[in-house]
Amino acid sequence: MYSTVTYGELDGIHNLPQLYECCIQQLLKRAGFEVTSITKNWAASVAYDKDIQPVRLGIAGGTFDPIHIGHLIIAEVARQECHLDKVLFIPTGIPPHKRGYTVTPAIHRYEMVRLAIMDNPYFEISDIEVKREGFTYTVDTLRELKRIYPENVEFFFIIGSDTLPEVKGWREASQVVRYCQFVVYTRPGYEVVEMEVQFLKETMGASVHTVQGPLLDISSTYIRDRIRQGKSIRYLVPQRVEEYISNNRLYVQF
């Protein structure tokens, strides 16, 4: 059953006047609204399905320095296997686990991710972490996402099986597992340990799903090394990303 509401009824919920029209379209769609028109003064005429099912949103976080085809394959496999409506790529700002390492400025990593996913309608990008000052923690990002998105959105944090053992040591891990479910992708050399999954379930009440996909032993470190050695990275990253790296001479002296 659909009912029509106007901007006046939506104002205060999504702060519509501060958003561009395309953002309004996306935001309302996620909230379960079907936008029928938006006027110049941001008034929106929409239809809302009161029986709409929860939106399943995957979260693909990472430094993405640079993003490569392994990242994209993992996200796509997780999306299909877990029936996710979208996968939101969130490049990190200043990751605490990279202390002492030189990380490429966020503006470049954000742009490479944007270029890499632009052909996939199920992929989106968020700048909430690159805009945040100080170290980036997952719990802070999830709190912000919970504030931004409607209550009917379920979050699925996509990680590699090598990252699974680290979850219990994350800042406010008990809160993290309340905000999201985990999708664990098996990677070469890091088979999913059932004991680790059980530990998270039994001690923290975590929801953990495992997915299997191609075993690609590709890393951003490997790509950076090849660039520094003057070797080709063709097919390891999307063509647009390869061109962006070349045009901006990234990683040449990394």
Side-chain angles (χ1 to χ4, degrees), residues 23 26 57-79 86-145 148 155-160 162-163 166 170-171 180 183 185 187 216-254:
C23 295
Q26 292 183 6
L57 181 65
I59 302 171
T63 311
F64 300 123
D65 196 14
I67 189 170
H68 53 71
I69 61 168
H71 295 128
L72 300 174
I73 291 173
I74 289 172
E76 182 66 5
V77 170
R79 182 187 70 79
K86 290 277 186 178
V87 175
L88 187 65
F89 284 75
I90 306 179
T92 58
I94 305 176
H97 64 287
K98 296 286 185 180
R99 300 182 196 207
Y101 291 85
T102 300
V103 179
T104 302
I107 187 173
H108 289 307
R109 293 184 288 108
Y110 179 90
E111 184 62 13
M112 286 188 285
V113 173
R114 189 189 68 80
L115 291 170
I117 67 174
M118 63 187 308
D119 289 336
N120 191 328
Y122 297 105
F123 288 174
E124 294 183 7
I125 186 171
S126 169
D127 63 356
I128 60 173
E129 288 197 358
V130 299
K131 291 166 61 177
R132 186 181 304 151
E133 295 182 356
F135 289 115
T136 296
Y137 294 98
T138 300
V139 67
D140 296 328
T141 298
L142 289 170
R143 283 198 179 104
E144 191 166 354
L145 292 175
I148 294 172
F155 298 103
F156 296 78
F157 205 96
I158 303 168
I159 60 175
D162 55 324
T163 303
E166 301 173 3
W170 288 1
R171 173 173 285 197
C180 70
V183 179
Y185 186 96
R187 303 180 67 181
L216 301 174
D217 192 10
I218 300 174
S219 70
S220 297
T221 301
Y222 175 69
I223 292 172
R224 293 196 302 269
D225 286 343
R226 287 188 66 84
I227 295 172
R228 192 170 57 245
Q229 296 166 19
K231 296 180 179 179
S232 170
I233 59 169
R234 193 172 190 179
Y235 308 125
L236 295 174
V237 300
Q239 183 177 349
R240 291 190 182 94
V241 175
E242 181 184 6
E243 292 171 354
Y244 185 89
I245 290 173
S246 175
N247 292 338
N248 290 278
R249 295 187 55 77
L250 300 180
Y251 310 119
V252 175
Q253 297 179 341
F254 196 62

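Note that these values count all heavy atoms, side chains included, but never hydrogens, waters or copies made by symmetry. Along the sequence shown, residues are numbered consecutively beginning with 1.
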Q. Within a strict 4.5 Å, meaning less than it, do heavy atoms of the Asn120 and Leu72 side chains meet?
A. no
Q: Work out which heavy atom in Arg224 is nearest to a heavy atom in Pro66; give both atom names and the distance.
A: CG-CD, 4.1 Å
Q. Is there a side-chain contact between His71 and Ser220 (heavy atoms, below 4.5 Å)?
A. yes
Q. Just wondering, do Tyr251 and Asp65 contact through their side chains at under 4.5 Å, heavy atoms?
A. yes
(Q) To the nearest 0.5 Å, what is the distance between CD on Glu76 and CD1 on Ile158? (A) 10.0 Å
Q | Minimal non-hydrogen separation, Arg109 against Gly93, with atom names | A | NH2-O, 3.2 Å
**Q.** Set of salt bridge (Lys or Arg N to Asp or Glu O under 4.0 Å) partners for Glu242, sequence neighbours left out
**A.** none
Q) Any idea which heavy atoms bring Ala75 and Phe89 closest together, and the distance? A) CB-CZ, 3.5 Å
Q) Is any side-chain heavy atom of Thr141 less than 4.5 Å from a side-chain heavy atom of Phe155? A) no
Q | Side-chain donor-acceptor pair present, Arg240, Tyr244, cut-off under 3.5 Å | A | no
Q) Got a second to check how far Asp127's CG is from Arg132's CZ, nearest 0.5 Å? A) 10.5 Å
**Q.** Check: Pro238 and Ile117 side chains under 4.5 Å, non-hydrogen atoms
**A.** no
Q: Heavy atoms only: give me the nearest His68-Leu236 pair and the separation to one decimal.
A: CB-O, 3.3 Å
Q.
Can you confirm whether Gln239 is buried at CD, in the sense that more than 12 heavy atoms of other residues, nucleotides or ligands lie under 6.0 Å from that atom?
A. no
Q: State the CD1-CZ distance between Ile59 and Phe156, to the nearest 0.5 angstrom.
A: 10.0 Å
Q) More than 12 heavy atoms of other residues, nucleotides or ligands under 6.0 Å from CZ of Arg226: is that the case? A) yes
Q | Gap separating the CD1 atom of Ile69 from the CG atom of Leu216, nearest 0.5 angstrom | A | 6.0 Å
**Q.** Leu145 vs Leu88 side-chain heavy atoms within contact, under 4.5 Å
**A.** yes
Q: Output the distance between atom CG (Leu115) and atom OH (Tyr110), rounded to the nearest 0.5 Å.
A: 10.5 Å
Q | Listed partners of Glu111 passing salt bridge (Lys or Arg N to Asp or Glu O under 4.0 Å), at least two apart | A | Arg114
**Q.** Enclosure of Glu133 CD (heavy-atom neighbours >12, cutoff 6.0 Å)
**A.** no
**Q.** Interatomic distance, Asp140 atom CG to Glu129 atom CD [nearest 0.5 angstrom]
**A.** 9.0 Å
Q) Do the non-hydrogen side-chain atoms of Phe123 and Val113 ever get within less than 4.5 Å of each other? A) no
Q. So which heavy atom on Tyr122 is nearest to which on Arg79, and how close?
A. CB-CD, 3.3 Å
**Q.** Closest heavy-atom pair and its distance - Ile218, Ile223
**A.** CG2-CD1, 4.2 Å
